[in-house]
Number of protein chains: 2
Amino acid sequence: MYRLPEDPSQINGNVFHNDCPARFLLSKIASKWSLLTIDALDGRPKRNGELLRQVEGISQKMLTQTLKDLEKMKIVVRVDMKTVPPHVEYHLTFKGKELREKICSLDRWVEDNMLELIVGHSDLSLIS
Amino acid sequence: MYRLPEDPSQINGNVFHNDCPARFLLSKIASKWSLLTIDALDGRPKRNGELLRQVEGISQKMLTQTLKDLEKMKIVVRVDMKTVPPHVEYHLTFKGKELREKICSLDRWVEDNMLELIVGHSDLSLIS
DNA sequence: CCGTATCCTACCAGATACTG
DNA sequence: CAGTATCTGGTAGGATACGG
């Protein structure tokens with residue numbers, strides 16, 4: 001549980017500070033599945049099933065939870081077409097698109113440098 | 001535990017793939033304390049105690065663990081002056097500096113947008 | 001000053017089953 | 001199709017004590 005000061009408009013973010021909301025938000029944004037979900041929202045809006053397939057290994061539960069967190073932060077918007085069968089789309093907001101650039105920059109860097117980064121990890125075996 | 005394909009030099013990173021090493025590496029790099037520790041390594045090398053004070057709330061255990069992980073990935077280098085009392089410095093490598101830019105970009109964005117991101121979180125109380 | 005080594009717990013997240 | 005609900009094990013990480 002985090003506490004905000006009396007007048008939030010006066011504080012400027014500082015992730016190094018224990019009680020700064022930025023730290024809480026960062027932990028949500030930089031979580032394992034959040035990073036991948038935001039990355040997956042490339043260009044066009046995506047549906048629940050699409051994301052489930054694209055982000056390999058994510059469970060329905062974690063996808064829902066992640067999307068709800070992102071929605072709270074106004075990073076994504078949930079658009080329910082109110083049809084039957086259900087058709088729901090998840091859109092990145094303007095802020096979401098801003099954020100996605102930062103995240104993709106990080107993700108692509110890790111992918112590009114993968115082989116050099118992994119050398120120290122002898123615990124990653126080569127066996128089947 | 002993650003498994004690498006027989007010939008790692010042939011694979012190109014893809015964080016969306018379940019068994020891609022990039023996903024494992026990303027989880028290490030984007031962990032709560034890793035994000036803050038790398039950010040804290042600004043410009044000059046830092047000592048254990050400095051980092052402990054700068055990254056509020058981190059424990060000695062987690063700092064050590066985080067730095068070891070980063071060292072494995074050649075993101076930081078541990079320089080032991082072999083003096084008594086001990087003097088140890090942690091330096092960012094070239095790759096580390098590259099990575100730090102991405103991370104700082106993310107951290108600063110979260111800080112700058114903190115107040116707008118937090119509105120949906122009614123669970124963050126204003127009381128003392 | 002810079003760490004290790006243990007113990008211990010809260011929470012994360014996977015598995016599974018059910019619903020409009 | 002797009003979720004919810006519940007149970008449960010594993011583990012991240014805090015607290016504490018000790019060591020070179």
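In what follows, chains are A, B, ... by sequence order, proteins preceding strands, each numbered from 1. Keep in mind that this is a model prediction, so the values were computed, not measured.
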For Y90(B) and dG3(C), is the shortest distance between a side-chain N/O and OP1 or OP2 below 4.0 Å?
yes
Looking at dC1(C), I'd like to know if its phosphate oxygens (OP1 or OP2) sit under 4.0 Å from a side-chain N or O belonging to R47(B).
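No.
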With a 3.5 Å cut-off and heavy atoms only, can you find an N or O donor on one side and an acceptor on the other between the side chain of K61(B) and the base of dG14(D)?
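Such a pair is found, so the answer is yes.
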Listed nucleotide nearest any side-chain atom of [X], set [options]:
{"X": "K68(A)", "options": "dT4(C), dA13(C), dT4(D)", "value": "dT4(D)"}
{"X": "N48(A)", "options": "dG3(D), dG14(D), dG14(C)", "value": "dG3(D)"}
{"X": "V88(B)", "options": "dG14(D), dA2(D), dG3(C)", "value": "dG3(C)"}
{"X": "T64(B)", "options": "dT4(D), dT4(C), dG14(C)", "value": "dT4(C)"}
{"X": "Q60(B)", "options": "dA13(C), dG20(C), dT4(C)", "value": "dT4(C)"}

For atom [atom1] of [X] and atom [atom2] of [N], their distance in whole Å:
{"X": "L67(A)", "N": "dT4(D)", "atom1": "CG", "atom2": "P", "answer": "10 Å"}
{"X": "L51(A)", "N": "dC1(D)", "atom1": "CG", "atom2": "P", "answer": "14 Å"}
{"X": "R78(B)", "N": "dC2(C)", "atom1": "CZ", "atom2": "P", "answer": "10 Å"}
{"X": "I58(A)", "N": "dA2(D)", "atom1": "CD1", "atom2": "C1'", "answer": "14 Å"}
{"X": "D80(B)", "N": "dT4(C)", "atom1": "CG", "atom2": "C1'", "answer": "15 Å"}
{"X": "E71(A)", "N": "dA2(D)", "atom1": "CD", "atom2": "P", "answer": "15 Å"}
{"X": "L63(B)", "N": "dA5(C)", "atom1": "CG", "atom2": "P", "answer": "16 Å"}
{"X": "E89(A)", "N": "dA2(D)", "atom1": "CD", "atom2": "P", "answer": "9 Å"}

Donor-acceptor pair, side chain of [X] and main chain of [Y], under 3.5 angstrom:
{"X": "T37(B)", "Y": "W33(B)", "value": "yes"}
{"X": "S31(A)", "Y": "K28(A)", "value": "yes"}
{"X": "N113(B)", "Y": "W109(B)", "value": "yes"}

The residue, M62(A) or P86(B), whose nearest nucleotide of DNA chain C is more 5′ is P86(B)
Do the charged groups of R108(A) and D39(A) touch, with an N to O distance under 4.0 Å?
yes
Closest nucleotide of DNA chain D for W33(B) versus for P85(A): which of these residues is on the 5' side?
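Comparing both residues, the 5'-ward one is P85(A).
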Whole-Å P distance, dA17(D) and dC2(C):
22 Å
Can you tell me if S105(B) and E101(B) form a side-chain donor-acceptor pair at under 3.5 Å?
no
